[in-house]
Every structure is written in C-alpha cells, then in structure tokens.
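Note that the numbering runs from 1 along the sequence shown for the chain.
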Amino acid sequence: NIHPVYNIKRLMIMRELEKDPKLQNESWERFLPTFKKKNVQRRKPHQLVEESKKASESAAAAGGKPAVKKKKSYTPFPPAQQPS
C-alpha cells in the first residue's frame with residue numbers, strides 16, 4: 001500500500017514539469033519518485049500458532065531443543081504477608 005500523500009507529491013512534480021518547455025517532450029521518469037512494494041508478513045492465525053507449539057514440545061521431548069518454561073498462572077492479588 002502506498003500512502004495517498006505520495007500520489008499528491010507525484011502530481012505536484014508533474015505540474016512543475018509541465019511548465020518547463022524543455023522537458024515537455026522528454027520522459028519524466030527520472031524526476032518522479034518510484035516506490036518498491038514491501039511484503040509485510042502478517043500474524044499467523046491462532047490455530048497455526050498452537051500447532052507449532054505442539055511440534056516444538058514434541059521435539060523437546062525427543063531431546064531436540066531445550067524445554068520451554070511453563071508460564072505461571074496470573075493472580076491479581078499479592079501473596080499474604082508473613083509474620084515478622
């Protein structure tokens with residue numbers, strides 16, 4: 001996706017080039033900006049993420065990669081104070 005501001009900038013450059021009589025019969029490609037398309041990777045769907053976790057766990061069990069630490073469950077309250 002190209003931001004619309006860049007199209008406006010391109011039109012402004014073309015308007016200025018139209019005024020110059022020397023450049024009217026020439027190609028303007030050297031003056032106009034060119035934009036390369038970027039392939040941005042999207043996030044994987046949730047289902048594919050779970051399948052990859054299962055695959056990594058099975059590889060860890062087979063001795064391939066080290067095991068991933070388990071997350072502790074979230075508790076909104078702090079632990080009780082110990083008597084001092």
Side-chain angles (χ1 to χ4, degrees):
N1 293 338
I2 298 175
H3 197 275
V5 168
Y6 295 115
N7 290 331
I8 295 171
K9 183 176 182 179
R10 182 180 174 96
L11 291 172
M12 289 173 61
I13 293 171
M14 289 173 70
R15 184 181 289 174
E16 290 297 318
L17 290 171
E18 285 176 352
K19 294 177 184 176
D20 192 357
K22 296 177 185 176
L23 298 174
Q24 284 181 348
N25 297 329
E26 292 185 23
S27 175
W28 296 343
E29 292 300 318
R30 58 185 175 158
F31 300 107
L32 301 176
T34 56
F35 302 102
K36 296 180 182 178
K37 290 188 176 182
K38 295 181 182 178
N39 290 333
V40 179
Q41 292 184 348
R42 304 286 179 184
R43 289 183 62 186
K44 293 181 181 179
H46 185 67
Q47 185 179 17
L48 293 177
V49 172
E50 287 179 359
E51 290 176 4
S52 65
K53 284 183 183 178
K54 288 179 184 177
S56 64
E57 287 175 1
S58 63
K65 293 182 180 177
V68 180
K69 293 183 179 180
K70 299 272 183 171
K71 262 192 171 177
K72 294 183 180 179
S73 62
Y74 175 74
T75 55
F77 303 105
Q81 288 186 344
Q82 296 180 355
S84 54

Could you please spell out the steps behind the side-chain contact (heavy atoms from CB on, under 4.5 Å) verdict for W28 and I13?
CA-CA 9 Å; W28 296 343; I13 293 171; over 6 Å; no
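Hydrophobic clustering (side-chain heavy atoms under 4.5 Å, transitive across Ile, Leu, Val, Met, Phe, Trp, Tyr) keeps L32 apart from Y6.
Atom CG of L17 sits about 10.5 Å away from atom NZ of K19, to the nearest 0.5 Å.
A salt bridge is defined here as a Lys NZ or Arg NE, NH1 or NH2 lying under 4.0 Å from an Asp or Glu carboxylate O, and R30 with E26 meets this definition.
F35 and P33 get closest at one heavy-atom pair: CZ-CB, 3.9 Å.
Listed for the E18 side chain is no donor-acceptor partner under 3.5 Å among the backbone atoms of Q24.
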